[in-house]
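The first residue of the sequence shown is numbered 1, and numbering continues consecutively from there.
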Amino acid sequence: MKLFLHTKIILGLSAIFVVQLGNQKIVLPEGCSTQTKSVAQTGSLKESFKDDFLIGTALNADQIQENDPRAAALIQQQFNAITPENIMKAEIIHPGWDKYDFDMADKIVAYGKKYNIKVNGHTLIWHSQLPAYARNIKSIDSFKTFFAGHINTVAGRYSGKIFSWDVVNEALNEDGTMRKSIFLEHLGDNFVTEAFRLAAAASPHTELYYNDYNNEQPAKRAGCIVLIKKIKAAGVRIDGVGIQGHWHIGKIPLKEIEESILQYSALGLKVMFTELDIEVLPRNFSGADVNQRMKEDASLNPYVKGLPDSVQQQLANDYAALFDLFLKHKDKITRITFWGVDDGQSWLNGWPVRGRTNHPLLFDRNFQPKPAFYKVVEAKKNFDATKKGF
Ligand code: XIL
(Lines give C-alpha, C1' and ligand atoms only; values in the text may rest on other atoms or scores of the structure.)
Protein backbone atom coordinates (compact mmCIF):
# COMPACT_ATOMS: atom_id res chain seq x y z
CA MET A 1 0.00 0.00 0.00
CA LYS A 2 1.35 3.47 -0.85
CA LEU A 3 0.66 6.84 0.73
CA PHE A 4 0.48 9.76 -1.67
CA LEU A 5 1.24 13.33 -0.73
CA HIS A 6 -1.90 15.19 -1.60
CA THR A 7 -1.57 18.82 -0.61
CA LYS A 8 0.82 21.01 1.34
CA ILE A 9 -1.06 23.82 3.06
CA ILE A 10 0.84 26.84 4.39
CA LEU A 11 -0.69 28.27 7.57
CA GLY A 12 1.24 31.37 8.58
CA LEU A 13 4.77 30.15 9.11
CA SER A 14 3.92 26.51 9.63
CA ALA A 15 2.64 23.92 7.20
CA ILE A 16 0.54 20.81 7.36
CA PHE A 17 0.38 17.97 4.91
CA VAL A 18 -2.76 16.29 3.71
CA VAL A 19 -2.07 12.72 2.71
CA GLN A 20 -4.31 10.56 0.59
CA LEU A 21 -4.64 6.84 1.32
CA GLY A 22 -7.10 5.18 -1.05
CA ASN A 23 -10.21 7.28 -0.50
CA GLN A 24 -9.19 8.43 3.00
CA LYS A 25 -7.39 11.69 3.77
CA ILE A 26 -5.23 12.18 6.86
CA VAL A 27 -3.65 15.38 8.11
CA LEU A 28 -0.06 15.40 9.35
CA PRO A 29 1.82 18.32 10.91
CA GLU A 30 5.02 19.35 9.13
CA GLY A 31 7.99 17.46 10.47
CA CYS A 32 5.90 14.31 10.51
CA SER A 33 6.83 11.99 7.71
CA THR A 34 4.47 12.29 4.80
CA GLN A 35 5.27 8.95 3.25
CA THR A 36 5.61 5.43 4.41
CA LYS A 37 8.79 4.54 2.58
CA SER A 38 8.32 1.89 -0.05
CA VAL A 39 9.73 -1.59 0.40
CA ALA A 40 12.08 -0.84 -2.51
CA GLN A 41 13.48 2.06 -0.48
CA THR A 42 13.88 0.30 2.85
CA GLY A 43 13.52 -3.45 2.52
CA SER A 44 10.93 -5.54 4.27
CA LEU A 45 11.40 -7.75 7.30
CA LYS A 46 8.96 -10.41 6.15
CA GLU A 47 10.59 -10.50 2.70
CA SER A 48 14.14 -10.58 4.08
CA PHE A 49 13.42 -13.50 6.38
CA LYS A 50 10.86 -15.34 4.26
CA ASP A 51 13.02 -18.47 4.00
CA ASP A 52 13.95 -18.36 7.69
CA PHE A 53 11.06 -17.63 10.06
CA LEU A 54 7.85 -15.63 10.33
CA ILE A 55 8.17 -12.00 11.38
CA GLY A 56 5.34 -10.94 13.64
CA THR A 57 4.05 -7.95 15.54
CA ALA A 58 1.58 -7.41 18.37
CA LEU A 59 -1.47 -5.39 17.36
CA ASN A 60 -3.61 -3.20 19.60
CA ALA A 61 -7.31 -2.49 19.00
CA ASP A 62 -6.61 0.64 16.91
CA GLN A 63 -4.22 -1.20 14.65
CA ILE A 64 -6.62 -4.12 14.18
CA GLN A 65 -9.26 -1.60 13.07
CA GLU A 66 -6.75 0.16 10.77
CA ASN A 67 -7.47 3.52 12.40
CA ASP A 68 -4.10 4.99 11.37
CA PRO A 69 -3.29 4.38 7.71
CA ARG A 70 0.44 4.85 8.33
CA ALA A 71 0.49 1.96 10.82
CA ALA A 72 -1.74 -0.08 8.51
CA ALA A 73 0.66 0.39 5.59
CA LEU A 74 3.68 -0.56 7.67
CA ILE A 75 2.07 -3.70 9.07
CA GLN A 76 1.26 -5.00 5.61
CA GLN A 77 4.73 -4.15 4.32
CA GLN A 78 6.71 -5.69 7.11
CA PHE A 79 4.92 -8.50 8.96
CA ASN A 80 3.42 -11.89 8.19
CA ALA A 81 2.28 -12.88 11.70
CA ILE A 82 0.20 -11.02 14.30
CA THR A 83 -0.57 -11.47 17.98
CA PRO A 84 -3.34 -9.49 19.68
CA GLU A 85 -1.64 -7.37 22.35
CA ASN A 86 -4.66 -7.46 24.70
CA ILE A 87 -7.98 -8.24 23.08
CA MET A 88 -7.92 -12.03 23.48
CA LYS A 89 -7.01 -11.85 27.18
CA ALA A 90 -9.67 -13.15 29.58
CA GLU A 91 -10.69 -9.75 30.98
CA ILE A 92 -11.70 -8.62 27.48
CA ILE A 93 -12.92 -11.78 25.78
CA HIS A 94 -14.67 -13.29 28.84
CA PRO A 95 -15.78 -10.30 30.96
CA GLY A 96 -18.57 -12.05 32.93
CA TRP A 97 -19.15 -15.58 34.24
CA ASP A 98 -21.42 -16.41 31.29
CA LYS A 99 -20.58 -13.44 29.10
CA TYR A 100 -18.12 -13.50 26.23
CA ASP A 101 -17.19 -10.58 23.99
CA PHE A 102 -15.75 -11.79 20.69
CA ASP A 103 -16.06 -8.52 18.82
CA MET A 104 -12.37 -7.55 18.60
CA ALA A 105 -11.11 -11.14 18.50
CA ASP A 106 -13.31 -11.81 15.47
CA LYS A 107 -11.87 -8.64 13.92
CA ILE A 108 -8.27 -9.77 14.26
CA VAL A 109 -9.18 -13.13 12.73
CA ALA A 110 -10.82 -11.31 9.80
CA TYR A 111 -7.75 -9.05 9.52
CA GLY A 112 -5.47 -12.09 9.30
CA LYS A 113 -7.65 -13.63 6.64
CA LYS A 114 -7.89 -10.44 4.60
CA TYR A 115 -4.13 -9.88 4.47
CA ASN A 116 -3.01 -13.51 4.61
CA ILE A 117 -1.25 -13.03 7.97
CA LYS A 118 -1.01 -15.82 10.56
CA VAL A 119 -2.75 -15.10 13.88
CA ASN A 120 -1.28 -16.31 17.17
CA GLY A 121 -3.92 -16.34 19.94
CA HIS A 122 -2.69 -14.72 23.15
CA THR A 123 -3.46 -16.06 25.68
CA LEU A 124 -5.82 -18.67 27.13
CA ILE A 125 -4.52 -19.10 30.69
CA TRP A 126 -2.66 -16.26 32.43
CA HIS A 127 -2.83 -14.95 36.00
CA SER A 128 -2.82 -11.30 34.83
CA GLN A 129 -5.60 -9.40 33.09
CA LEU A 130 -8.14 -11.81 34.52
CA PRO A 131 -11.67 -10.43 35.01
CA ALA A 132 -12.56 -9.60 38.64
CA TYR A 133 -15.24 -12.32 38.95
CA ALA A 134 -12.66 -14.99 38.07
CA ARG A 135 -10.17 -13.70 40.64
CA ASN A 136 -12.90 -13.91 43.26
CA ILE A 137 -14.11 -17.46 42.63
CA LYS A 138 -13.79 -19.33 45.93
CA SER A 139 -15.09 -22.84 45.21
CA ILE A 140 -12.76 -25.26 43.46
CA ASP A 141 -15.61 -26.74 41.44
CA SER A 142 -16.66 -23.33 40.16
CA PHE A 143 -13.07 -22.53 39.30
CA LYS A 144 -12.76 -25.78 37.35
CA THR A 145 -15.95 -24.87 35.47
CA PHE A 146 -14.54 -21.44 34.64
CA PHE A 147 -11.19 -22.90 33.53
CA ALA A 148 -12.60 -25.61 31.24
CA GLY A 149 -15.44 -23.42 29.97
CA HIS A 150 -13.04 -20.61 29.05
CA ILE A 151 -10.67 -22.85 27.11
CA ASN A 152 -13.43 -24.84 25.39
CA THR A 153 -15.35 -21.75 24.35
CA VAL A 154 -12.49 -19.51 23.23
CA ALA A 155 -10.21 -22.16 21.67
CA GLY A 156 -13.29 -23.86 20.18
CA ARG A 157 -14.55 -20.68 18.53
CA TYR A 158 -11.25 -20.07 16.73
CA SER A 159 -10.50 -23.69 15.88
CA GLY A 160 -9.32 -23.81 12.28
CA LYS A 161 -9.32 -19.99 12.16
CA ILE A 162 -6.09 -19.09 13.90
CA PHE A 163 -2.66 -20.63 13.47
CA SER A 164 -1.59 -21.04 17.08
CA TRP A 165 -2.30 -20.36 20.75
CA ASP A 166 -0.17 -19.27 23.67
CA VAL A 167 -2.08 -21.77 25.82
CA VAL A 168 -0.43 -20.92 29.13
CA ASN A 169 1.48 -17.73 29.84
CA GLU A 170 3.97 -17.14 32.68
CA ALA A 171 3.28 -20.09 35.00
CA LEU A 172 6.83 -20.07 36.42
CA ASN A 173 8.84 -18.18 39.03
CA GLU A 174 12.40 -17.05 38.35
CA ASP A 175 13.80 -20.06 40.23
CA GLY A 176 11.86 -22.46 38.04
CA THR A 177 9.21 -23.36 40.61
CA MET A 178 5.52 -22.88 39.85
CA ARG A 179 4.22 -19.34 40.33
CA LYS A 180 1.69 -18.99 43.17
CA SER A 181 -1.22 -18.04 40.95
CA ILE A 182 -4.93 -18.53 41.34
CA PHE A 183 -4.62 -21.45 38.91
CA LEU A 184 -2.00 -23.20 41.04
CA GLU A 185 -3.95 -22.50 44.20
CA HIS A 186 -7.24 -23.96 42.91
CA LEU A 187 -6.10 -26.64 40.47
CA GLY A 188 -2.61 -27.71 41.62
CA ASP A 189 0.42 -27.88 39.34
CA ASN A 190 -1.29 -30.13 36.80
CA PHE A 191 -3.23 -27.10 35.57
CA VAL A 192 -0.70 -26.51 32.78
CA THR A 193 -1.07 -30.03 31.38
CA GLU A 194 -4.85 -29.79 31.74
CA ALA A 195 -4.92 -26.50 29.84
CA PHE A 196 -3.04 -28.08 26.94
CA ARG A 197 -5.29 -31.17 27.03
CA LEU A 198 -8.42 -29.00 26.82
CA ALA A 199 -6.96 -26.73 24.12
CA ALA A 200 -5.90 -29.70 21.98
CA ALA A 201 -9.39 -31.18 22.19
CA ALA A 202 -11.12 -27.86 21.42
CA SER A 203 -8.76 -26.87 18.61
CA PRO A 204 -7.10 -29.98 17.21
CA HIS A 205 -5.29 -28.33 14.29
CA THR A 206 -3.97 -25.26 16.06
CA GLU A 207 -0.34 -25.18 17.23
CA LEU A 208 -0.09 -24.99 21.01
CA TYR A 209 2.67 -23.16 22.90
CA TYR A 210 3.90 -22.43 26.39
CA ASN A 211 5.04 -18.78 26.70
CA ASP A 212 7.08 -16.98 29.37
CA TYR A 213 9.62 -14.22 30.01
CA ASN A 214 13.16 -14.91 31.29
CA ASN A 215 12.72 -18.58 30.40
CA GLU A 216 16.06 -18.31 28.64
CA GLN A 217 17.68 -17.97 32.09
CA PRO A 218 19.10 -21.26 33.47
CA ALA A 219 16.87 -21.81 36.54
CA LYS A 220 13.64 -20.75 34.88
CA ARG A 221 14.57 -22.68 31.73
CA ALA A 222 15.09 -25.83 33.82
CA GLY A 223 11.61 -25.35 35.34
CA CYS A 224 10.17 -24.80 31.88
CA ILE A 225 11.74 -28.02 30.64
CA VAL A 226 10.23 -29.92 33.60
CA LEU A 227 6.80 -28.48 32.66
CA ILE A 228 7.18 -29.45 29.00
CA LYS A 229 8.31 -32.97 29.86
CA LYS A 230 5.33 -33.36 32.18
CA ILE A 231 2.89 -32.34 29.43
CA LYS A 232 4.50 -34.78 27.02
CA ALA A 233 4.63 -37.60 29.57
CA ALA A 234 0.87 -37.24 30.00
CA GLY A 235 0.48 -37.87 26.27
CA VAL A 236 -0.72 -34.30 25.71
CA ARG A 237 0.31 -32.23 22.69
CA ILE A 238 2.57 -29.19 22.96
CA ASP A 239 4.12 -27.82 19.77
CA GLY A 240 6.37 -25.03 20.84
CA VAL A 241 7.81 -22.75 23.45
CA GLY A 242 7.79 -18.97 23.34
CA ILE A 243 10.57 -16.91 24.87
CA GLN A 244 9.02 -13.46 25.22
CA GLY A 245 12.28 -11.54 24.77
CA HIS A 246 11.68 -8.34 26.74
CA TRP A 247 15.34 -7.46 27.09
CA HIS A 248 17.42 -4.43 28.06
CA ILE A 249 19.88 -2.49 25.91
CA GLY A 250 23.49 -3.63 26.33
CA LYS A 251 22.37 -6.66 28.34
CA ILE A 252 21.06 -9.17 25.82
CA PRO A 253 21.73 -12.64 27.29
CA LEU A 254 22.98 -14.09 24.00
CA LYS A 255 24.70 -17.10 25.54
CA GLU A 256 21.62 -18.17 27.49
CA ILE A 257 19.37 -17.51 24.50
CA GLU A 258 21.49 -19.83 22.36
CA GLU A 259 21.57 -22.51 25.05
CA SER A 260 17.77 -22.26 25.34
CA ILE A 261 17.19 -22.58 21.60
CA LEU A 262 19.27 -25.78 21.68
CA GLN A 263 17.68 -27.26 24.80
CA TYR A 264 14.07 -26.51 23.87
CA SER A 265 14.44 -27.74 20.33
CA ALA A 266 16.14 -30.92 21.61
CA LEU A 267 12.74 -31.69 23.20
CA GLY A 268 11.22 -31.66 19.72
CA LEU A 269 9.61 -28.24 20.17
CA LYS A 270 9.49 -25.25 17.85
CA VAL A 271 11.17 -22.22 19.39
CA MET A 272 9.73 -18.72 19.04
CA PHE A 273 10.64 -15.24 20.25
CA THR A 274 7.18 -13.94 20.90
CA GLU A 275 7.30 -10.44 22.38
CA LEU A 276 10.62 -8.95 21.33
CA ASP A 277 11.52 -5.42 22.40
CA ILE A 278 14.67 -3.83 23.81
CA GLU A 279 14.18 -1.38 26.69
CA VAL A 280 16.49 1.65 26.39
CA LEU A 281 15.43 3.44 29.59
CA PRO A 282 16.65 2.88 33.18
CA ARG A 283 15.08 -0.07 34.95
CA ASN A 284 16.07 -1.73 38.24
CA PHE A 285 14.79 -5.23 37.40
CA SER A 286 14.71 -7.55 34.42
CA GLY A 287 11.87 -9.53 32.89
CA ALA A 288 8.29 -8.47 32.23
CA ASP A 289 6.10 -9.02 35.28
CA VAL A 290 3.29 -6.62 34.40
CA ASN A 291 2.42 -6.22 38.09
CA GLN A 292 5.89 -4.91 38.96
CA ARG A 293 6.14 -1.10 38.73
CA MET A 294 8.61 1.71 39.46
CA LYS A 295 7.81 5.22 40.74
CA GLU A 296 7.72 8.06 38.21
CA ASP A 297 10.85 10.21 38.25
CA ALA A 298 12.22 12.55 35.57
CA SER A 299 15.65 10.90 35.75
CA LEU A 300 14.03 7.69 34.49
CA ASN A 301 12.91 9.41 31.28
CA PRO A 302 16.07 10.77 29.64
CA TYR A 303 15.23 10.49 25.92
CA VAL A 304 12.05 12.53 25.53
CA LYS A 305 13.55 14.41 22.56
CA GLY A 306 14.97 11.34 20.83
CA LEU A 307 17.77 8.84 21.22
CA PRO A 308 21.38 10.05 21.27
CA ASP A 309 23.41 8.53 18.43
CA SER A 310 25.49 6.32 20.71
CA VAL A 311 22.35 4.72 22.18
CA GLN A 312 20.77 4.37 18.74
CA GLN A 313 23.91 2.53 17.59
CA GLN A 314 23.95 0.28 20.65
CA LEU A 315 20.30 -0.60 20.03
CA ALA A 316 21.10 -1.39 16.39
CA ASN A 317 24.06 -3.57 17.41
CA ASP A 318 21.97 -5.43 19.99
CA TYR A 319 19.27 -6.19 17.43
CA ALA A 320 21.88 -7.25 14.87
CA ALA A 321 23.54 -9.63 17.34
CA LEU A 322 20.16 -11.16 18.14
CA PHE A 323 19.28 -11.67 14.49
CA ASP A 324 22.74 -13.15 13.78
CA LEU A 325 21.94 -15.71 16.46
CA PHE A 326 18.39 -16.30 15.21
CA LEU A 327 19.73 -16.91 11.69
CA LYS A 328 22.37 -19.31 12.98
CA HIS A 329 19.52 -21.40 14.44
CA LYS A 330 16.87 -20.70 11.85
CA ASP A 331 16.17 -24.42 11.46
CA LYS A 332 14.87 -24.45 15.07
CA ILE A 333 13.10 -21.08 15.16
CA THR A 334 9.71 -20.56 13.54
CA ARG A 335 8.75 -16.99 14.44
CA ILE A 336 10.15 -13.70 15.73
CA THR A 337 7.39 -11.38 16.93
CA PHE A 338 8.00 -7.77 18.01
CA TRP A 339 5.81 -6.49 20.85
CA GLY A 340 4.39 -3.59 18.87
CA VAL A 341 4.70 -1.88 15.49
CA ASP A 342 6.33 1.46 16.31
CA ASP A 343 7.94 3.17 19.30
CA GLY A 344 4.96 5.50 19.80
CA GLN A 345 2.55 2.75 20.75
CA SER A 346 4.92 0.40 22.61
CA TRP A 347 3.67 -0.73 26.01
CA LEU A 348 7.11 0.27 27.36
CA ASN A 349 6.03 3.94 27.26
CA GLY A 350 3.68 3.07 30.14
CA TRP A 351 5.39 0.19 31.95
CA PRO A 352 7.00 -0.19 34.45
CA VAL A 353 6.94 3.61 34.77
CA ARG A 354 4.02 5.65 33.48
CA GLY A 355 4.43 8.37 30.85
CA ARG A 356 7.93 7.69 29.52
CA THR A 357 9.25 8.12 26.00
CA ASN A 358 10.71 4.76 25.09
CA HIS A 359 12.41 3.62 21.88
CA PRO A 360 12.44 -0.21 21.95
CA LEU A 361 11.36 -1.22 18.41
CA LEU A 362 12.65 -1.05 14.82
CA PHE A 363 10.29 1.77 13.71
CA ASP A 364 10.20 5.23 15.27
CA ARG A 365 7.23 7.43 16.18
CA ASN A 366 6.92 8.61 12.59
CA PHE A 367 6.76 5.00 11.39
CA GLN A 368 10.23 5.36 9.88
CA PRO A 369 12.82 2.55 10.03
CA LYS A 370 15.53 3.16 12.62
CA PRO A 371 19.23 2.24 12.26
CA ALA A 372 18.33 -1.02 14.06
CA PHE A 373 15.95 -1.92 11.23
CA TYR A 374 18.66 -1.53 8.61
CA LYS A 375 21.13 -3.53 10.70
CA VAL A 376 18.63 -6.38 11.00
CA VAL A 377 18.06 -6.46 7.24
CA GLU A 378 21.85 -6.28 6.76
CA ALA A 379 22.33 -9.20 9.16
CA LYS A 380 20.40 -11.37 6.73
CA LYS A 381 22.45 -10.17 3.74
CA ASN A 382 25.69 -10.87 5.61
CA PHE A 383 24.44 -14.29 6.64
CA ASP A 384 23.63 -15.23 3.05
CA ALA A 385 26.93 -13.82 1.78
CA THR A 386 28.93 -15.84 4.33
CA LYS A 387 27.07 -18.98 3.35
CA LYS A 388 27.94 -18.41 -0.29
CA GLY A 389 31.58 -17.99 0.75
CA PHE A 390 31.98 -14.33 -0.22
C1 XIL B 1 1.05 -6.17 27.98
C2 XIL B 1 0.41 -5.22 26.99
O3 XIL B 1 1.36 -4.87 26.02
C4 XIL B 1 -0.10 -3.99 27.70
O5 XIL B 1 -0.85 -3.18 26.81
C6 XIL B 1 -0.98 -4.40 28.89
O7 XIL B 1 -1.36 -3.25 29.61
C8 XIL B 1 -0.27 -5.37 29.79
O9 XIL B 1 0.19 -6.49 29.05
N10 XIL B 1 3.91 -10.30 28.76
C11 XIL B 1 2.82 -10.69 28.04
C12 XIL B 1 1.98 -9.66 27.38
O13 XIL B 1 2.61 -11.90 27.83
O14 XIL B 1 0.63 -10.04 27.31
C15 XIL B 1 2.10 -8.32 28.08
O16 XIL B 1 1.37 -7.36 27.31
C17 XIL B 1 3.54 -7.93 28.25
C18 XIL B 1 4.28 -8.95 29.08
Listed pairs under 3.5 Å, donor-acceptor, residues 278-285 side chains, sequence neighbours left out:
residue: Glu279; atom: OE1; partner: Arg283; partner atom: NE; Å: 2.9
residue: Glu279; atom: OE1; partner: Arg283; partner atom: NH2; Å: 2.9
residue: Glu279; atom: OE2; partner: Leu281; partner atom: N; Å: 3.3
residue: Glu279; atom: OE2; partner: Asn358; partner atom: ND2; Å: 2.6
residue: Arg283; atom: NH1; partner: Phe285; partner atom: O; Å: 3.4
residue: Arg283; atom: NH1; partner: Gly287; partner atom: O; Å: 3.1

Among Glu216, Glu256, Glu258, Glu259, which residue meets the salt bridge (Lys or Arg N to Asp or Glu O under 4.0 Å) test with Arg221? Glu256
Taking salt bridge (charged side-chain N to carboxylate O under 4.0 Å, His left out) as the cut-off, I'd like each qualifying pair that reaches into residues 287-306, sequence neighbours left out, listed once. none
Is any side-chain heavy atom of [X] less than 4.5 Å from a side-chain heavy atom of [Y]?
{"X": "Trp126", "Y": "Val168", "result": "no"}
{"X": "Lys370", "Y": "Lys375", "result": "no"}
{"X": "Leu172", "Y": "Met178", "result": "yes"}
{"X": "Arg135", "Y": "Tyr133", "result": "no"}
{"X": "Ser128", "Y": "Asn291", "result": "yes"}
{"X": "Lys138", "Y": "Phe143", "result": "no"}

When Gln78 is tested against each of Ser44, Pro369, Ser48 for side-chain contact (heavy atoms from CB on, under 4.5 Å), which residue passes? Ser44
Think [X] forms a cation-pi with [Y], using NZ or CZ under 6.0 Å from the six-ring centre and within 45 degrees of its axis?
{"X": "Lys220", "Y": "Tyr213", "answer": "yes"}
{"X": "Lys118", "Y": "Phe163", "answer": "yes"}
{"X": "Arg335", "Y": "Phe273", "answer": "no"}

Using atom types as modelled and distance alone, determine if a side-chain donor or acceptor of His186 lies under 3.5 Å from a backbone N or O of Ile137. yes
Taking distance alone, no hydrogens or angles, what donor-acceptor pairs closer than 3.5 Å link side-chain atoms of residues 227-235 to residues at least two apart or in another chain?
residue: Lys230; atom: NZ; partner: Asp189; partner atom: OD1; Å: 3.3
residue: Lys232; atom: NZ; partner: Leu267; partner atom: O; Å: 3.2

